Amino acid sequence: MAPQPVVTGLSPKEGPPGTRVIIRGEFLGTRVQDLIGLKICGSDCLLSAEWKSSNKIIARTGPAKGKGDIIVTTLSGGVGTSTVQFRAYHETIGPLKESAVWIEESPSQNFAWGRRTLTQSGLTQEDPLGLSIEGNEQKIPEDLRDLFPEACGDLSQEHFSPSWFLLENHLATSFEDLKAGLAYLKRKVESQKEGQLSFLKSNAGSVIDQLDTLMNIRDKLQEDLKLHGTEPLNILEASIENSITESQKIFTDVLVRKEKADSTRSVLFALSRHKFLFCLPNAVDRRAKAGEYDIVVNDYSRAKNLFGKTEIPIFRKVLEEVDQRILSIRKQLHEKVVKMPQSVDQQKKLIKALTSLELQQSGTPIGDKLRNIDPAWDAIEARAKYLEATFRQTFEQHANKDAAGTPEKSKSRDRDRDRDPSQAPSRVNFCEELCDIAASQLPDLWRLGQLYFTGELRGPHDPKPGDFKKMILNAIEKFCVYLRLAILIAGDQRALRQSSGLSWSIGSASATHQFLPWIPQCLRYTRIAYATLIGLDLPSDALDIIQKLIDEVRLFCFSIIFKRSTDRCKKLGSQETWEFGVEDYPGATILPAALEALLVETLDEVQSVCMQPESREGNLLEPQSDGQREVSQRLQEFLSTFSAVIEELAFQSHDEETPTHNVSQLLGFPNAQQLDSVASGGAAVTWEQRMLCCLANYAYCNKSFFPHIGDVFVRYGYPLPTLAIETSRYTVNQLFTNLLDEYVEHKGDPLVGTIEPSMYLGRFQWDHEMEIGQLRPYAHECCDNLVGVYSEIYSISPALLRPILESIVQTISEELARLMSCVQRFSFTGAIQAHVDIRLLRDALEGYANETAKNYFMEALEAINPPLNVEQKRKADEILERVKRNMRLQLLCFTIKEP
C-alpha cells in the first residue's frame, strides 16, 4: 500500500467560494483514477479537482467559511493529512464587484416606466461613515470569528461589533478619514433628530416648486372650462360607446367563427395533450402481452400521478378501465410468478412489476381485491414445492427403472451389465442427477429468499423467516433421504423407509455387486453439491444435515473398499509360489509382502477417496467414534481373512484322499508321501514343506508383520489399531497351534508308532540273552526318522525346530517309558542293551527334551528290572561311547544351534 497523501503547500491561502486553489504536496495519487476524495475546509471539492501529478492538484473551493485543512484521499494511500490551512470567507457582492457566481437581479434594479427609481439596490450596503469601500479589498489574515466569537459585522444584527465592521471594511482606511467619517455619522444622526420643521427648512426650494406646479395645474383647468364648458367628457363617452356598438356589429360573425375555431382548437389540443391517457388501456394490454412489464409499471405510475386526483368524468372513466386492465395483468403476473420452471432473474422481474402495480393500485376498490397476495413469498413457496417435486420425480424415475421388468428380464439386464462394466448403474446416474438438481436449484431458492428478506422483493408484507428456514431444512432433508436410499444399500433402511414412505429395491446380487465400485463416484457428486451449498452461507444446522450424510457415505465407502480388498485377499492363496521372501525369518514366503502391498494400495485408495476430509467435513477417526470402530473391524476382517488363506494353503491338497502317514522303513513303507503335484513353473512342494512354510508365515506375522502393519496405519494418519492387531494375533496363535499339532501328529504319530513294531521285530524278547555292542534297530530307526524330520524343518524354517521337536521328543520318551514298563524281566544282556538304547536317545535329544520328556526318559531307565549292577553299567558305558562314535554324524545334527 502507498504512503498517505500529505498537503504541504497552498496558493492562495484564502478566498471566497469558487477560488481557484493550487494544492502541492506528496503522494497525491498515482493517476487520475487514484484520486477519490478532496475536502477543503470540510467542503467536498472532488468534482472541481483536476489532478496534474503526484505533487500537484488544482481545484476550486466550495461554500465553506472559516479556516480548515485540505484533506486528500487516494485509493492507494487512503486518507491523508495537511500541514497548511485555507481561510474561506464570504464577500459583500455589489453590481460593480466581480463575482464568480451568478447574482439574480432584484426588481429594484430594473428600470420602471417613466422616470428612473432612485431606490438603492438591496445588494449594496451604504457605508454609515460615508466613506468609499473601493480599494479596501485587503482583508485581515485571521478569522474574525476567532477574535469575536459572539459578535458580527452586520449593522442590522443585535450583536453588531464596530471593531469587526472596521476590520472587515476599513482595514486600509487612514485615521484621518475615519475621523471624518465619524463626523459625518454624527451629522447624519443629528439631522434625523431635527423633525419636520427642520426638514422643511432644509428642503424649502423643493416645497415652493411643488406649490408653483399645483397653481399652474389649477390655472390650466379653469381655462379649459371657459373654452369647452363642462360637457366634453359626456360627449367623449357617447362617442366611445357608439364606436363599440358599431365595432360589435362589424365583427360579430368574425368573433363567432373565432370562438368556434378556438373551441375546436382547444378540444384538439386536449386530445393531443391527453392522448397518453386515452391510449393507455390498449397500450397496457399490448405491453403486457410483449412481456414489457417495466413499461407497463412506468405508464401506469405516470397516469396515476397526472390524473389520479382529477374530477373530470371522462378521465375518471378511462382510469377505471385502466385499473381493470391492471388488475387482470396482476392476476396474469401472479400466475407467471408461481409457474415453474423459470430462472430467479425472471421471477425477480415479475415480482418487482407485480409489487409496483400493487403499490400503485392500493387504496382503490379494485386494487383491494388482491391485497392479501404476497407475490415474493408465493414465488418462494412455488420454487420450494417444485424442488421437492423434482427430487421425488427423479427418485421414482430411477427407482422404477431398477424395479421394472420380470425376473427373466432382470437376469438378462444383469448379464448385459456384466458384459459392459463401464456402464454406470441407475443408482449412480440418479446420484449425479440429484446432486446437479440440488446444486442448481437450492442456490436459486436461497437467493430468492435473501432478496425477499432484505426487502428488495418483499413489498408491504411482513416477512416469514421461520417458514423459509423450515423450507430450506426440509429440502435438504429430502435431498439426503433420497441419497441415503440410493447409496447406503448395505445398511438397515427400514426406519428410513417407514419415515419417508419411499423405498428402492435392492435388486439382484449381481446388480448390487456392480454398484459397489461406483460408491466413491457417488461420494464425489455429493461433495460437489455440498461445496456449492457451503458458498451460499446457509445456516449451520442445514449444512450439518449434509455433513452427516457425507460422513456416513465416507464411512460406507471405506467399508466397501476394505471389503473389496478382503475379497482380493482371499485370492492371494492362488498367487502363492512358495518362494521365501523374508531374509530375517527363513521359511516365511512372499505372501505377507503381498498382503502388505494390498493393504498399502487399499489405504492409498481410501485416503484419496473418502478418509481425507474436505471443506467442513468431520474427522472419521476421532476417538471412540464409529469411524475408528469401523477401521478396527475392517482391519480385523482383513487380517482374519489372511490367516484363513494361510490355513487353507496348509491343508490344501490336489488329491482329495487322506495322506498315507509314515511308518517304519523296516516294514517296507516310504519315508514321506507327496500329496501335491508340481507347482506351475517350480519344483515339487510336499505337503510337509507347505505346512512348515505356513507355520513360518504364522510365526512371522505374530512376531514382526502385525506390529509393522500398525506402523503402516499410523503413517497414514490412523490411530494404532491395537484391538484389531491383538485379535488377529490371537487368531494366528490359535491357528499356529492347530497347524503345529497337525504337523506334529503327522510326523510324530507314525514315528512313535514304528517303535514298538521295530522293537519286537523277529520275535525279539528282552528276557533272552543277546549279542550286544550296538544299538537295537528300533533305536536306529527312531534316531534316523528324527534326523529326517530335523533336516526337513531346518531346510525350511530353523525357528520351528524347538516347538516341533519338543512335542515329538516328549511323545517318543513317553512311548519308551510305556514300553519299558511293560517288560516283566530283562536278561543280563537285555538290561544292558535297553540301558544303552534309552541313554543314547536321551543324550542325543537332550537339547529338545523338556522336563516332561526328561522325566519320561528317567522312568524308562528305572523300569529296567533288575537294575544294572556295576559290571553292567561299565559294559553299558563302553558300548554307549562306541555307538556315539559310530553315529557322530547323526548326533551332530541335534547339536547345531538354532538361529
Side-chain angles (χ1 to χ4, degrees), residues 384 386-403 424-446 471-507 511-512 514-536 538-539 541-561 609-611 613-618 620 626-627 630:
Y386 175 73
L387 177 60
E388 292 186 11
T390 306
F391 283 163
R392 189 178 186 93
Q393 180 182 0
T394 305
F395 177 82
E396 292 176 351
Q397 176 184 354
H398 288 274
N400 294 335
K401 185 185 296 184
D402 264 2
S426 180
R427 292 175 184 267
V428 180
N429 297 330
F430 165 73
C431 293
E432 181 181 8
E433 187 173 347
L434 193 71
C435 291
D436 287 341
I437 293 172
S440 60
Q441 295 191 23
L442 263 176
D444 290 344
L445 177 61
W446 176 256
M471 283 183 186
I472 295 296
L473 293 177
N474 185 48
I476 293 179
E477 281 282 3
K478 291 291 182 63
F479 170 68
C480 295
V481 165
Y482 291 134
L483 286 181
R484 281 190 177 92
L485 290 172
I487 298 176
L488 304 179
I489 59 176
D492 187 4
Q493 297 184 349
R494 285 177 296 179
L496 186 61
R497 289 195 296 267
Q498 292 175 358
S499 61
S500 63
L502 302 171
S503 63
W504 192 321
S505 60
I506 298 178
T512 303
Q514 185 185 10
F515 170 68
L516 293 179
W518 291 88
I519 291 179
Q521 185 74 6
C522 297
L523 174 61
R524 189 174 68 86
Y525 293 146
T526 309
R527 278 177 162 174
I528 292 174
Y530 184 45
T532 302
L533 299 182
I534 289 176
L536 299 179
L538 291 173
D541 46 354
L543 295 176
D544 291 342
I545 298 174
I546 310 179
Q547 179 190 350
K548 183 180 178 181
L549 168 67
I550 290 180
D551 290 343
E552 292 178 5
V553 177
R554 289 170 59 198
L555 197 60
F556 182 57
C557 185
F558 170 85
S559 175
I560 293 302
I561 293 175
V609 172
C610 58
M611 294 305 291
E614 295 186 0
S615 176
R616 208 184 181 282
E617 292 183 1
L620 299 181
D626 294 338
E630 184 72 17

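A quick note: this is a predicted structure, and the numbers were derived from the prediction, not measured. Sequence positions, counted from 1, serve as the residue numbers for this chain.
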Task: I550 CD1 to E614 CD distance, which is reported to the nearest 0.5 Å - done: 8.0 Å

Open item on the list: Quick check for you: to the nearest 0.5 Å, what is the distance between I534 atom CD1 and I546 atom CD1?
Closed with: 8.0 Å

Open item on the list: Working to the nearest 0.5 angstrom, can you tell me the gap between Y530 OH and Q547 CD?
Closed with: 4.5 Å

- [ ] State whether R554 and D551 are salt-bridged, where the test is any N-O pair (Lys NZ or Arg NE/NH1/NH2 against Asp/Glu carboxylate O) under 4.0 Å.
- [x] yes

- [ ] For residues E630 and S559, determine if any side-chain heavy atom of one lies less than 4.5 Å from a side-chain heavy atom of the other.
- [x] yes

Task: Min side-chain heavy-atom separation V553-T526 under 4.5 Å - done: no

TODO: Run the numbers on E552 and R484 for side-chain contact (heavy atoms from CB on, under 4.5 Å), then give the verdict.
DONE: CA-CA 9 Å; E552 292 178 5; R484 281 190 177 92; 2.9 Å; yes

Open item on the list: Would you call the rings of F479 and F391 parallel, tilted or perpendicular, taking 30° and 60° as the class edges?
Closed with: tilted

TODO: Any chance you could measure L387, atom CG, to L442, atom CG, to the nearest 0.5 Å?
DONE: 5.0 Å

Open item on the list: Any heavy-atom pair between the side chains of C522 and V428 that's under 4.5 Å?
Closed with: yes

Open item on the list: For D436 and Y525: C-alpha separation, side-chain torsions, deciding distance, then whether side-chain contact (heavy atoms from CB on, under 4.5 Å) applies.
Closed with: CA-CA 8 Å; D436 287 341; Y525 293 146; over 6 Å; no

TODO: Output yes when R392 and E388 qualify as a salt bridge under the 4.0 Å nitrogen-oxygen rule, no when they do not.
DONE: no

- [ ] Might you work through the side-chain contact (heavy atoms from CB on, under 4.5 Å) test for D541 and L473, ending with a clear yes or no?
- [x] CA-CA 8 Å; D541 46 354; L473 293 177; 4.2 Å; yes

Task: Atom pair CG (L555) and CD1 (I560), whose distance is rounded to the nearest 0.5 Å - done: 10.5 Å

Open item on the list: How long is the straight-line distance from CZ of R524 back to CD1 of I519, given to the nearest 0.5 Å?
Closed with: 15.0 Å

